[in-house]
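Notes for the one structure printed next.
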Amino acid sequence: MITTVSTTPYTDQKMGTAGLRKKSKIAMQPNYVENFMQSIFNAIGRLDDKTFLVGGDGRFYNDIAIQKIIKMAAANGVKKLVIGQNGFVSTPAGSNIILKNKLDGGFVLSASHNPGGENGDFGIKYSNQTGGQVPASVTDKIYANTLSIREYKIYDAPDIDLSHLGTQHLGTMEIEVIDPVVDYVEMVEHIFDFNAIKALFAKGFTMRFDAMNAVTGPYAIRIFEEILGAPKGSVVHAKPLPDFGGLHPDPNLVYAKELVDLMFSDSAPDFGGANDGDGDRNMILGKKFFVTPSDSLAILTDNYQYIPAYKNGIFGVAKSAATSTAVGRVAKAHNIGYYEVPTGWKYFVNLMDSQRITFCGEESFGTGSAHIREKDGIWAILFWLNIIAATGKSVEQITREHWQKYGRSYYMRFDFEGLDTAVADKLMSDLEAKLPSLNNQEFNGYKVSEAAPFVYNDPVDNSSTKNGLIVKFADGSRIVYRLSGTGSSGATLRVYLEKYEQNKLAEEPLDMLKPILAIAMEIAEITPRTGKQHADVIT
Ligand code: G1P
Ligand code: ZN
């Protein structure tokens, strides 16, 4: 029943910011998924005492890949798989399932916020027993395996039915199909004041949650409509579809257009939120009002006392270097630890495990806490609803009062997409070489106070990671440059801009950032090198 299949290596199976992410058509090549999974199993070693979670965001090819994983796990002697019904598990729910049930790790099949379908993207994220994605030392080992792999093992059996809850076997391996929503609901019920949020909806508070035809639909229906009492129809695009119904499931002002249009219309509900494909990203909107993820992290941190699970105090807070410095001011005011890490959620995990931080977030619509080891989209929305319920204030009021208290970091990200990899790499290395010469130079009245690569020295495992280049100005403004690590082809240059203001609190971000944008374009020679006059995506 177990066959050993000979294979030849693929050379492109190195994991990026968040696991292996490829065009679906690449992942569909013969033995592609098999090679990658066998390399993981080889790297783990002993499997007969191991239990893993398997699930995903329901995107195209997940069903096929999940069956391959089941049959390979059985053939490799894995003890047990816990699988979300119909193959669905959101990234945050997966992290919780691993932690709560003390599993040895898991595989969440998702390319996160990237589009799905045959012409979209496919991905596999591998987490260990921490509930978080494995560190570089492990991904390096797996990558080395993918380069030398010669054979894989697979069970020759019909597909396993994942539509019914319960236990079955493949060979000696146990397969337990679970409802992927149950543990997650129990978790958030223990964090937030559900009674206060129920009372809010009972008073007529309205919301729209856009699941973008991806995995959070079933979670959101259960939590917002069935448990908390939001009106039926508050959750839209709730059925996970293999191609996300053509939506680009990235909750930002560009891709969550339908929600944004509604929230900026006269018929806007009180609150708007969206999640990405696998449910770890979130966007927060009020009536005709958008909260940047950087501000959201700062506001949640400042208001932790309203949340039952945090009211007795929090450890510190962390953000990715590219994220605005807003939360740093909150950390200072509350006298808690404050950390800046490279982009990618895995860098927060050591800080959580060592109780250095409770909250963390990234500018890329990711916010979370130490309740799990991934960012958590629905958690962030519940956090906001809980603050609104406790204070009786609107999203806009809460945010404006925050700016009054701390000042405002105007912040935007500019993405230059589809670049030739060699051109992008050269732009970055030339820019890095030039950084020392920028110190103390003045550009249009902005004086450079420090220009250097961002280097993170992990206080827990002492590893050192370089990620991006930062140019700081004397007035506190910043430019951060880095290349995306989640793309599935070509290169994307991300340019993050920030300007801090204590008095001018109600300006248009783009107006405030235009001078710095011009400087950023000039310093990195973006137009001459890439041919691009403007960014492709601005968030
Ligand atoms: C992007 C975001 C990053 C996030 C990651 C996974 O990575 O910038 O903050 O952790 O997606 O959601 P990037 O493409 O920039 O490497
Ligand atoms: Zn995601």
Side-chain angles (χ1 to χ4, degrees), residues 1-10 13 19-20 22 24 26-56 58-89 94 97-98 101-109 122-129 134 138 141-142 144-180 242:
M1 298 291 262
I2 296 172
T3 32
T4 301
V5 182
S6 30
T7 185
T8 47
Y10 287 94
Q13 298 196 317
L20 184 72
K22 295 290 165 192
S24 299
I26 300 273
M28 290 159 76
Q29 295 173 98
N31 298 341
Y32 196 89
V33 166
E34 289 87 341
N35 278 13
F36 183 67
M37 289 307 302
Q38 187 65 53
S39 300
I40 293 180
F41 289 140
N42 292 349
I44 294 172
R46 186 168 174 188
L47 294 166
D48 61 355
D49 59 352
K50 303 269 188 309
T51 301
F52 299 104
L53 171 75
V54 180
R59 68 178 59 222
F60 176 81
Y61 205 59
N62 270 16
D63 50 354
I64 294 173
I66 287 174
Q67 293 293 338
K68 289 181 197 274
I69 293 173
I70 295 171
K71 292 170 194 174
M72 288 184 67
N76 277 280
V78 168
K79 181 178 170 212
K80 178 177 174 183
L81 293 182
V82 174
I83 308 183
Q85 190 173 20
N86 295 312
F88 295 147
V89 172
I97 291 167
I98 293 170
N101 302 292
K102 300 196 167 48
L103 308 189
D104 298 291
F107 307 99
V108 171
L109 277 59
F122 171 83
I124 301 179
K125 284 200 260 195
Y126 167 42
S127 301
N128 60 16
Q129 77 291 344
V134 290
V138 178
K141 194 170 162 195
I142 295 168
N145 257 290
T146 66
L147 296 176
S148 61
I149 189 160
R150 292 281 169 255
E151 58 182 39
Y152 64 83
K153 285 191 195 143
I154 190 157
Y155 223 92
D156 191 6
D159 282 357
I160 301 296
D161 176 10
L162 300 177
S163 64
H164 299 289
L165 303 179
T167 299
Q168 46 194 312
H169 284 86
L170 181 57
T172 55
M173 184 179 77
E174 186 184 335
I175 299 169
E176 187 189 354
V177 177
I178 59 158
D179 179 337

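Throughout, numbering of the chain's residues begins at 1 and tracks the sequence.
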Can you check whether [X] reaches [Y] side chain to side chain, under 4.5 Å on heavy atoms?
| X | Y | answer |
| --- | --- | --- |
| L109 | F122 | yes |
| S163 | Q85 | no |
| Y126 | V138 | yes |
| I178 | I97 | yes |

Q) Residues in salt bridge (Lys or Arg N to Asp or Glu O under 4.0 Å) with E176, at least two apart? A) K80
Q) Can you name the residues that form a salt bridge (Lys or Arg N to Asp or Glu O under 4.0 Å) with D156, not counting sequence neighbours? A) none
Pairs under 3.5 angstrom only: tabulate donor-acceptor contacts from the side chains of residues 166-173 to other protein residues two or more places apart or in another chain.
from : atom 1 : to   : atom 2 : distance (Å)
Q168 : NE2    : D161 : O      : 3.0

Q. Between the side chains of N76 and Q38, does any donor sit under 3.5 Å from an acceptor?
A. yes
Q: Determine whether the side chains of Y152 and N35 contain a donor N or O and an acceptor N or O closer than 3.5 Å.
A: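 No, no side-chain donor-acceptor contact under 3.5 Å.
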Q. Do E34 and K68 meet the salt-bridge criterion of a basic N to acidic O distance under 4.0 Å?
A. yes
Q) Under a 4.0 Å N-O cut-off, is there an ion pair linking D48 with K50? A) no
Q. Measuring from K79:NZ to T51:OG1, what's the distance to the nearest 0.5 Å?
A. 5.0 Å
Q. CG/L20 to CD1/I40 distance, rounded to the nearest 0.5 angstrom?
A.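 If we round to the nearest 0.5 Å, L20:CG and I40:CD1 are 8.0 Å apart.
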Q: Give the ring-plane orientation class for F52 versus F107, where under 30° counts as parallel, over 60° as perpendicular and anything between as tilted.
A: tilted
Q | Side chain Q67, main chain I160, donor-acceptor under 3.5 Å | A |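 Such a contact is found between Q67 side chain and I160 backbone.
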